[in-house]
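Data block below; observations after.
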Protein chains: 2
Amino acid sequence: MKKAIILGLGAFALAAQTANDGPQFTNNGHLTLPKDYRQWTFLSSGLGMTYGPAASADTANPSFDNVFVNPSSYRAFIETGRWPDKTMFVLEVRSATSHGSINNAGHYQNELRAIEAEVKDEKRFPQKWNFFAFGLKDTGNPLPADSACNSCHSQNGAADNTFVQFYPTLLEVAKKKNTLTPAYLQKSAAEAAGAK
Amino acid sequence: MKKAIILGLGAFALAAQTANDGPQFTNNGHLTLPKDYRQWTFLSSGLGMTYGPAASADTANPSFDNVFVNPSSYRAFIETGRWPDKTMFVLEVRSATSHGSINNAGHYQNELRAIEAEVKDEKRFPQKWNFFAFGLKDTGNPLPADSACNSCHSQNGAADNTFVQFYPTLLEVAKKKNTLTPAYLQKSAAEAAGAK
């Protein structure tokens, strides 16, 4: 009996850790911003990242971006190198400040500028993943299935529609689990050859 | 009996969430790097932050820094604006890359350069907080009680020996809970007056 209770306790604790950290939608298909997303697992941040031409970069007023993922999906990725259904990414965009307190150069993070999200829901979205724009609100508007976000992620994401190439700890996982896309591997090999 | 078991289960789940996320020391007083610190709560990141003169900034080769704190202490700070005993911060320093994959300008994170930590342990350290340098190892060497880290943090940290002024979400909490230090408030007021 004692053993059964202890086993039950363990299962309950595990369930408590994994439950309810996936995407929640409103009745009209908008995405709810999780109140605790800042306690989700951090993947990486960048400053002034620019996917268009370098000349289009806003060097005078760059933004930080912080990427968080729901913790149960993070643990699944560490084990498998793949994102399970109901994975949700939150991208937080913040302004950058250079001078303040004892900081005299470089940049640190300041006000929230916008929030975006990427969700994997295989039943809800024929293309499996979809994107949402929150701005500064707590519900996110769905982007069209053929949005620029989705086409760029599906063509260039290193693993399963996501930019794992910009998350250094996950890139190592995907390498080990052989889950990097053929397109990413081919492009990386070409870049490495060009750099020689 | 059923009710007692359910209550027990709830308490167990709560304990599972909060236990064992504080600092662990070796017998000789070195600090152990938590294997799961990347699943701790992220506070913020900076790029090329420079506390000395601006001219000393390494603009050609800046580093990102990511700050994580143990989750139970994060939750306590959200409630109180103060850090409980056994709080532990991990500072991760990473190289910055500009050109790679589809990124053409700005910076994203790359290799780990070093890890440092700050720990609050009121019994172990007469000055309450101490600092540890890990380099790329999984145990951290304690810095002297009067290290430059500690004197700078105690003089300039916006709340309780920590640079809450660089963690935008926690700065709001400390303002609401009135836990910003008098020195920080005085300096901020002087800076704001100077900027007018």
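First the proteins, then the strands, lettered A, B, ... as listed; each starts at 1.
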Quiz prompt | Heavy-atom pair count under 4.5 Å with chain B, highest-scoring of A:Ala55, A:Gly100, A:Gly52 | solution = A:Gly52
Self-check item: A:Phe42 CZ to B:Asn66 CG distance, which is reported to the nearest 0.5 Å
Solution: 4.0 Å
Quiz item: Side chains of B:Arg38 and A:Tyr74: closer than 4.5 Å at any heavy-atom pair?
Solution: yes
Self-check item: Heavy-atom pair with the smallest gap, counting every atom of A:Met49 and B:His107
Solution: CG-O, 3.5 Å
Quiz item: In terms of side-chain heavy atoms, does A:Thr41 have a donor or acceptor partner in B:Gln39 at a distance below 3.5 Å?
Solution: no
Self-check item: Gap separating the CG atom of A:Asn103 from the CG atom of B:Asn156, nearest 0.5 angstrom
Solution: 11.5 Å
Exercise. Please state whether the side chain, the backbone, both or neither of A:Ile78 comes within less than 4.5 Å of a heavy atom of chain B.
Key: neither
Quiz item: Measuring from A:Arg75:CZ to B:Asp36:CG, what's the distance to the nearest 0.5 Å?
Solution: 10.5 Å
Practice problem: Just give me the residue among A:Ala54, A:Ser98, A:Pro53, A:Ser101 that pairs up with chain B most often, heavy atom to heavy atom, under 4.5 Å. | Solution: A:Ser101
Self-check item: A:Phe132-A:Phe89 co-clustered via ILVMFWY side chain contacts under 4.5 Å
Solution: no
Quiz item: If you round to the nearest 0.5 Å, how far is SG of B:Cys152 from CD1 of A:Ile102?
Solution: 3.5 Å
Quiz prompt | Close side-chain approach of B:Pro168 and A:Glu111, heavy atoms under 4.5 Å | solution = no
Quiz item: Cluster question for you: counting only ILVMFWY and a side-chain heavy-atom cut-off of under 4.5 Å, with indirect links fine, are B:Val67 and A:Tyr167 together?
Solution: no
Self-check item: Structural part of A:Phe68 lying under 4.5 Å from a heavy atom of chain B
Solution: side chain
Quiz item: What are the two closest non-hydrogen atoms of A:Gln109 and B:Ser45, and how far apart are they?
Solution: NE2-OG, 2.8 Å
Exercise. Taking all non-hydrogen atoms of both residues into account, name the closest pair between A:Phe64 and B:Leu47 and its distance.
Key: CZ-N, 4.0 Å
